[in-house]
Protein chains: 2
Amino acid sequence: MKNKIKKAHCAVDYAFQRIGGKYKGRILWVLRDGFLRYGELKRAVVGITPKMLTQTLKELEADELIVRKVYLEVPPKVEYSLTDTGKELIPFIGQMRSWGEKQMLTN
Amino acid sequence: MKNKIKKAHCAVDYAFQRIGGKYKGRILWVLRDGFLRYGELKRAVVGITPKMLTQTLKELEADELIVRKVYLEVPPKVEYSLTDTGKELIPFIGQMRSWGEKQMLTN
DNA sequence: TACTTTATTGTATGTACTTGCTGTAAAGAT
DNA sequence: ATCTTTACAGCAAGTACATACAATAAAGTA
């Protein structure tokens with residue numbers, strides 16, 4: 001399966017289906033500056049379980065928002081980075097983040 | 001309960017907790033131009049069940065992103081509109097929407 | 001009296017999401 | 001031979017999200 005978008009009623013719906021989910025935004029955000037390995041992501045996205053990290057990374061990959069690059073080494077090494085489409089989302093996530101920061105202070 | 005944000009690990013997390021969910025983005029979006037009654041919202045957000053609409057509206061209200069105004073009439077009349085905080089999210093949702101539209105064409 | 005309209009609420013049921021925990025491969029170091 | 005490291009996979013279990021369907025209040029109209 002290429003991705004799991006069901007049937008979007010509108011573009012807003014579609015976009016939220018693609019970057020919704022508990023960790024997708026955060027993962028995209030920490031990848032904004034380049035390549036991160038699985039373990040680095042795990043440390044960067046505090047609180048995520050390995051299971052969820054793997055699962056979410058797979059979804060983002062199937063959705064073509066990130067790229068997974070495997071190095072044939074032992075112990076294994078896998079690097080993740082944003083695709084061009086994924087990079088386009090960074091400004092929005094940045095805005096959301098600013099809004100969130102402001103709100104967190106207000107409360 | 002004022003809202004149901006658990007413990008945000010970062011601002012991105014926080015923001016997604018507040019506008020995540022299957023219908024929140026769409027509801028905020030259709031409210032961008034002013035006031036809508038419950039029934040109008042139901043027609044605007046195609047596919048939502050009355051139960052989910054009520055529930056989501058309550059969450060958005062508890063989160064202070066929308067305002068609920070009740071008119072003491074029979075049959076009942078209730079109008080919903082964005083708060084200032086809610087309005088701040090509209091540009092962001094608009095951008096997401098543009099991205100989504102573009103993506104929908106690309107696929 | 002029965003019917004209509006509007007904005008819900010309640011109960012039951014179902015599906016999707018998320019977590020916790022254990023296990024694996026394979027090379028290199030001790 | 002055992003231990004370490006890295007990046008996962010599998011399974012059971014719980015929680016959250018979502019749907020379907022029935023029901024309510026209360027004034028106005030037929």
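Just so it is clear, the model here is predicted, and its values are computed rather than measured. Here is how names work: the chains are called A, B, and so on, in the same order as the sequence lines, proteins then strands, and each is numbered from 1.
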**Request:** Scan B:Y80 against the nucleic acid and name what it touches under 4.0 Å (heavy atoms): base, sugar-phosphate only, or nothing.
**Result:** sugar-phosphate

**Prompt:** Hey, does the side chain of B:R43 come within less than 4.0 Å of C:dA7's phosphate (OP1/OP2), counting only N and O?
**Reply:** no

**Fill in**
Ranking D:dA7, D:dT5, D:dT19 by distance to the side chain of A:P75, first place goes to D:dT5

**Asked** NA contact type, B:K51, heavy-atom cut-off 4.0 Å: base, sugar-phosphate, or nothing?
**Response** base

**Evaluation steps, salt bridge (Lys or Arg N to Asp or Glu O under 4.0 Å), between B:E79 and B:R68** = CA-CA 6 Å; B:E79 276 185 349; B:R68 179 183 138 105; over 6 Å; no

**Prompt:** Rounded to the nearest 0.5 Å, what separation is found between the OH atom of B:Y23 and the CG atom of A:D13?
**Reply:** 7.5 Å

**Request:** State whether A:K22 places a side-chain N or O below 4.0 Å from either non-bridging phosphate oxygen (OP1 or OP2) of C:dT19.
**Result:** yes

**Message:** Please determine whether a side-chain nitrogen or oxygen atom of B:Y38 lies at a distance below 4.0 Å from atom OP1 or OP2 of C:dT9.
**Reply:** no

**Request:** Report yes if at least one side-chain N or O of A:R37 is closer than 4.0 Å to OP1 or OP2 of D:dA7; otherwise report no.
**Result:** yes

**Message:** Rounded at 0.5 Å granularity, tell me how far CG in B:L57 sits from CD1 in B:I66.
**Reply:** 4.5 Å

**Item:** Distance-minimising heavy-atom pair for B:G100 and A:A15
**Value:** CA-CB, 4.5 Å

**Message:** Let me spell it out: for each of B:T49 and A:R68, pick the nucleotide of DNA chain D with the closest heavy atom. Which residue's pick is nearer the 5' end?
**Reply:** A:R68

**Value in whole Å for how far the P atom of C:dA7 lies from CG of B:L72** = 14 Å

**Prompt:** Reckon A:Y23 has a side-chain N or O less than 4.0 Å from the OP1 or OP2 of C:dT19?
**Reply:** yes

**Message:** Rounding to an integer number of Å, can you tell me how far B:Y71 OH sits from D:dA27 C1'?
**Reply:** 19 Å

**Prompt:** Roughly, in whole Å, what's the span from CZ in A:F16 to P in C:dA16?
**Reply:** 21 Å

**Request:** Flag this pair as yes if the NZ/CZ of B:R26 is under 6.0 angstrom from the six-membered ring centre of B:W29 and inside a 45 degree cone about the axis; otherwise no.
**Result:** no

**Prompt:** Between B:Q55 and B:V74, which has a closest nucleotide on DNA chain D that is more 5'?
**Reply:** B:Q55

**Item:** Below 4.0 Å: OP1/OP2 of C:dT9 and any side-chain N or O of B:K58
**Value:** yes

**Asked** Is B:K77 near enough to C:dT5 that one of its side-chain N or O atoms lies under 4.0 angstrom from OP1 or OP2?
**Response** no

